[in-house]
Amino acid sequence: QEVTAFIDGLGQPWQVELSRQLRQMVKETIPEIEERIQYKKPHFLKNGHYAAVISPSKDAIAFMIMNATGVEFPKGFEGPAERKWLKIREGDTPDYELLARLLTQASSTL
């Protein structure tokens with residue numbers, strides 16, 4: 001699968017592990033999710049609409065939640081109303097339950 005190959009090809013072991021955990025969380029949160037590589041990063045779609053993106057950079061992994069308008073996001077998230085992201089750096093421990101809750105809320109209308 002191209003998403004597996006993409007994640008396995010990330011440069012640093014912590015990025016590979018973090019991306020695998022984020023991907024697993026997305027699949028558990030939205031069982032019917034479709035995934036594809038688009039714009040050189042993994043995108044997750046529900047009913048043909050973007051729900052989430054894993055966006056790696058040199059020193060972080062940004063986890064983006066789409067369709068976020070109207071969802072209350074805690075401090076630490078960045079971005080415009082329609083999409084919010086959390087930059088996760090080496091050594092950070094993301095709150096996967098919180099991310100799953102936010103993803104569930106944001107994707108509920110897709």
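- Not a single ring-ring contact (aromatic ring centres under 6.0 Å, His included) links Phe6 to another residue, sequence neighbours left out.
- Interatomic distance, Lys75 NZ to Leu86 CG, rounded to the nearest 0.5 Å: 14.5 Å.
- By the 4.5 Å heavy-atom criterion applied to side chains, Glu35 and His43 are not counted as neighbours.
- The two residues Ala52 and Val26 make their nearest non-hydrogen contact at CB-CG2, 4.4 Å.
- Hydrophobic side-chain contacts under 4.5 Å tie Trp85 into a cluster, directly or through other members, with Tyr39, Leu45, Tyr50, Val53, Met64, Met66.
- Not a single donor-acceptor pair under 3.5 Å links the side chain of Asp92 to the backbone N or O of Pro94.
- With contacts defined as side-chain heavy-atom distances shorter than 4.5 Å, the pair Leu102/Pro74 qualifies.
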Inset, instruction - Give the intermediate values and the outcome of side chain to side chain contact (heavy atoms under 4.5 Å, CB included) for residues Ile30 and Phe44. - result: CA-CA 9 Å; Ile30 309 172; Phe44 301 90; over 6 Å; no
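- Rounding to the nearest 0.5 angstrom, the gap separating the OG1 atom in Thr29 from the CD atom in Gln24 is 9.5 Å.
- Placement of Val16 and Ile37 within a single hydrophobic cluster is found when ILVMFWY residues are connected by side-chain heavy-atom separations under 4.5 Å, directly or transitively.
- Counting heavy-atom neighbours within 6.0 Å of Glu72 CD, excluding the residue itself, gives a total of 12 or less.
- Considering only heavy atoms from C-beta on, Arg23 comes within 4.5 Å of Ile7 through its side chain.
- Note: Leu110 CG to Asn67 CG = 4.5 Å, rounded to the nearest 0.5 Å.
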Inset, instruction - Determine, stepwise, if the pair Glu78 / Lys84 fulfils side chain to side chain contact (heavy atoms under 4.5 Å, CB included). - result: CA-CA 5 Å; Glu78 303 172 46; Lys84 296 288 184 184; over 6 Å; no
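- Proximity of Arg89 to Asp59: side-chain heavy atoms (C-beta onward) are separated by under 4.5 Å at one or more points.
- For the atom pair CG of Leu98 and CZ of Phe73, the computed distance is 9.0 Å after rounding to the nearest 0.5 Å.
- Closest of all the heavy-atom pairs between Ala68 and Ala106 is CA-CB, 4.3 Å.
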Legend entry - side chain to side chain contact (heavy atoms under 4.5 Å, CB included) assessment of Leu18 paired with Phe63: CA-CA 10 Å; Leu18 176 64; Phe63 181 70; over 6 Å; no
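- The OG1 atom of Thr109 lies 9.0 Å from the NE2 atom of His49; values are rounded to the nearest 0.5 Å.
- The number of heavy atoms from other shown groups lying within 6.0 Å of CD (Glu32) is above 12.
- Side-chain contact between Ile61 and Ser19: present, with at least one pair of heavy atoms (C-beta onward) separated by less than 4.5 Å.
- At least one donor-acceptor pair under 3.5 Å links the side chain of Lys46 to the backbone N or O of Ser107.
- Annotation: side chain of Pro56 is in contact with side chain of Lys41 (closest heavy-atom distance under 4.5 Å).
- Using a distance-only test at 3.5 Å, with no hydrogens or angles considered, no donor-acceptor pair links the side chain of Gln105 to the main chain of Ala100.
- Contact detail for Leu99 and Ile65: the closest heavy-atom pair is O-CD1, 4.1 Å.
- Ionic pairing of Arg20 and Asp8 is present here: one or more N-O contacts between side-chain nitrogen and carboxylate oxygen are shorter than 4.0 angstrom.
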